[in-house]
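Residue indices begin at 1 and follow the sequence shown. Atom set for the values below is all heavy atoms of this structure, side chains included, hydrogens, waters and symmetry mates excluded. One-based numbering, in listed order, for ligands and for the atoms of each.
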Amino acid sequence: MRKKIVAGNWKMNLSFEEGQQLTSELVNMFKDEAIQDVVVVINPPFPHLYPVQRLVGDTAGVFLGAQNCSDKESGAFTGEVSAKILASFGVSYVILGHSERREYFKEDQTLLATKVNQALAHGLTPIFCCGESLEIRESGTHEETVKAQVTASLFHLSPEEFSKVVIAYEPIWAIGTGKTASAEQAQEMHAALRSHLASKYGQAIAEQTSILYGGSANPGNAKELFGKPDVDGGLIGGASLKSRDFIEIVKSF
Ligand code: PEP
């Protein structure tokens, strides 16, 4: 059975104190309200990773993720953080291909493929984001666009490598806009993605790949989204900054 995953993406938010406060609240809530069968990933900005890790400790089901990693192994790349360094700090997941990185930092499909390789080489699970703009959705080419993103940055992987990847479908028009894809729209895309994965890696691998939905998910819509057969969880931005909202989302399964 594939994993159910809820990953919180703090983006470039929260001071040290605020991050510690939020993490303490989450850890306490997870202790009080044991969350069964859901993997929770906290993806704070880089400087938070180590102090957040210390607070999370061995809390069952809670893992640490980064929001990015370098495409390089190591060396003179000022300002970059490698997958190798992240792994050595106990990080387990890394978000790659987020639309904000594609748009503002001009990360292209080839660079993303290299980052995916780096992540996998150091034992990190990539949470690979894909999604279409409003313009593309309105033109009706959203499925082929999203499939092409996956093909370009992931389909060079061997079946063994690919089976370690998590996919997050994030329609750009729904990110941070308060406009969520309907559960039906999410299901339709997730099912299309799964059959695309099956065409390359076979049904068994496609069936065990977790495909998360991201884009203005909140406690009010998570239950309906997660109730769809091909929606295996969420990548949560804004609502991951409020402990109660985040926990409610985790409990939506
Ligand atoms: C995201 O940035 O990955 C995201 C889903 O953001 P939000 O939940 O705020 O739309």
Side-chain angles (χ1 to χ4, degrees), residues 4-14 18-19 22 26 38-46 48-49 52 63-69 91 93-107 112 115-116 119 124-134 136-137 142 145-146 149-150 153 165-183 185-187 189-190 193 210-226 228 230-253:
K4 295 174 182 147
I5 302 173
V6 177
N9 174 12
W10 292 7
K11 310 196 185 190
M12 198 171 72
N13 292 300
L14 305 186
E18 290 165 342
L22 174 58
L26 291 174
V38 183
V39 169
V40 173
V41 188
I42 303 177
N43 300 264
F46 288 131
H48 285 277
L49 285 166
V52 166
F63 297 86
L64 209 61
Q67 296 174 19
N68 184 27
C69 73
V91 173
Y93 288 78
V94 59
I95 297 171
L96 293 175
H98 193 284
S99 60
E100 288 153 16
R101 295 219 54 95
R102 290 180 195 257
E103 183 179 352
Y104 305 133
F105 302 95
K106 307 291 170 236
E107 294 196 357
L112 290 173
K115 289 188 176 201
V116 167
L124 302 183
T125 299
I127 301 177
F128 181 81
C129 304
C130 52
E132 80 287 357
S133 64
L134 187 57
I136 292 200
R137 164 121 335 226
H142 46 289
T145 299
V146 172
Q149 291 170 343
V150 167
S153 301
V165 173
V166 170
I167 292 183
Y169 167 57
E170 299 207 304
I172 300 169
W173 46 272
I175 297 179
T177 57
K179 199 173 170 185
T180 323
S182 68
Q185 284 172 318
Q187 168 58 25
M189 181 64 87
H190 286 223
L193 274 171
S210 298
I211 307 180
L212 317 183
Y213 168 79
S216 298
N218 61 49
N221 57 29
K223 207 175 181 122
E224 200 188 345
L225 285 162
F226 297 174
K228 293 292 176 192
D230 287 290
V231 179
D232 307 310
L235 178 54
I236 316 296
S240 73
L241 299 173
K242 294 186 195 127
S243 54
R244 186 35 70 191
D245 283 1
F246 190 60
I247 298 275
E248 286 305 315
I249 293 172
V250 173
K251 284 164 55 186
S252 298
F253 278 107

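In this pair, Phe226 and Phe253 present their aromatic rings parallel. The plane angle is below 30°, not in the 30 to 60° band.
Any N or O atom pair closer than 3.5 Å counts here, and Gly237 shares at least one such pair with ligand 1. Looking at ligand 1, you won't find any N or O of Ala217 less than 3.5 Å from one of its N or O atoms. At least one N or O atom of Lys11 sits closer than 3.5 Å to an N or O atom of ligand 1.
Of all heavy-atom pairs between Ile167 and Cys130, the closest is CG2-SG, 4.0 Å. The two residues Gly65 and Leu49 make their nearest non-hydrogen contact at O-CD2, 3.4 Å. Residue Leu112 comes nearest to Ser153 through the heavy atom pair CB-OG, 3.7 Å, listed as atom of the first residue, atom of the second, then distance. Closest heavy-atom contact between Asn43 and Ala7: ND2-CB, 3.7 Å. Across all non-hydrogen atoms, the minimal contact from Ile172 to Ser99 is CG1-CB, 3.7 Å. The two residues Val94 and Cys69 have their closest heavy-atom pair at CG2-N, 3.9 Å.
Using 4.0 Å as the threshold, Gly178 has no heavy atom nearer than that to any atom of ligand 1. Ligand 1 lies out of reach of Ala239, whose nearest heavy atom is not under 4.0 Å from it.
The protein atom (non-hydrogen) at minimum distance from atom 1 (C) of ligand 1 is His98 NE2, 3.2 Å. Closest to atom 9 (O) of ligand 1, if we only count protein heavy atoms, is Gly238 N, 2.8 Å. Here the protein heavy atom with the shortest distance to atom 5 (C) of ligand 1 is Glu170 OE2, 3.1 Å.
Within ligand 1, the atoms closer than 4.0 Å to a non-hydrogen atom of Gly176 are 7 (P), 9 (O), 10 (O), numbered from 1 in the order shown. Remark: ligand 1 atoms within the under-4.0 Å shell around heavy atoms of Gly215 are 5 (C), 10 (O). Near Ala174, the atoms of ligand 1 lying under 4.0 angstrom from a non-hydrogen atom of the residue are 10 (O). The Leu235 neighbourhood of ligand 1 comprises atoms 3 (O), 5 (C), with distances under 4.0 Å to a heavy atom of that residue.
Proximity of Ile175 to ligand 1, defined as any heavy-atom pair under 4.0 Å, is shared by backbone and side chain alike.
Distance check, rounded to the nearest 0.5 Å: SG of Cys129 to CG of Leu235 gives 5.0 Å.
Dense packing is recorded around NZ of Lys251, with more than 12 heavy atoms of other residues, nucleotides or ligands lying under 6.0 Å away.
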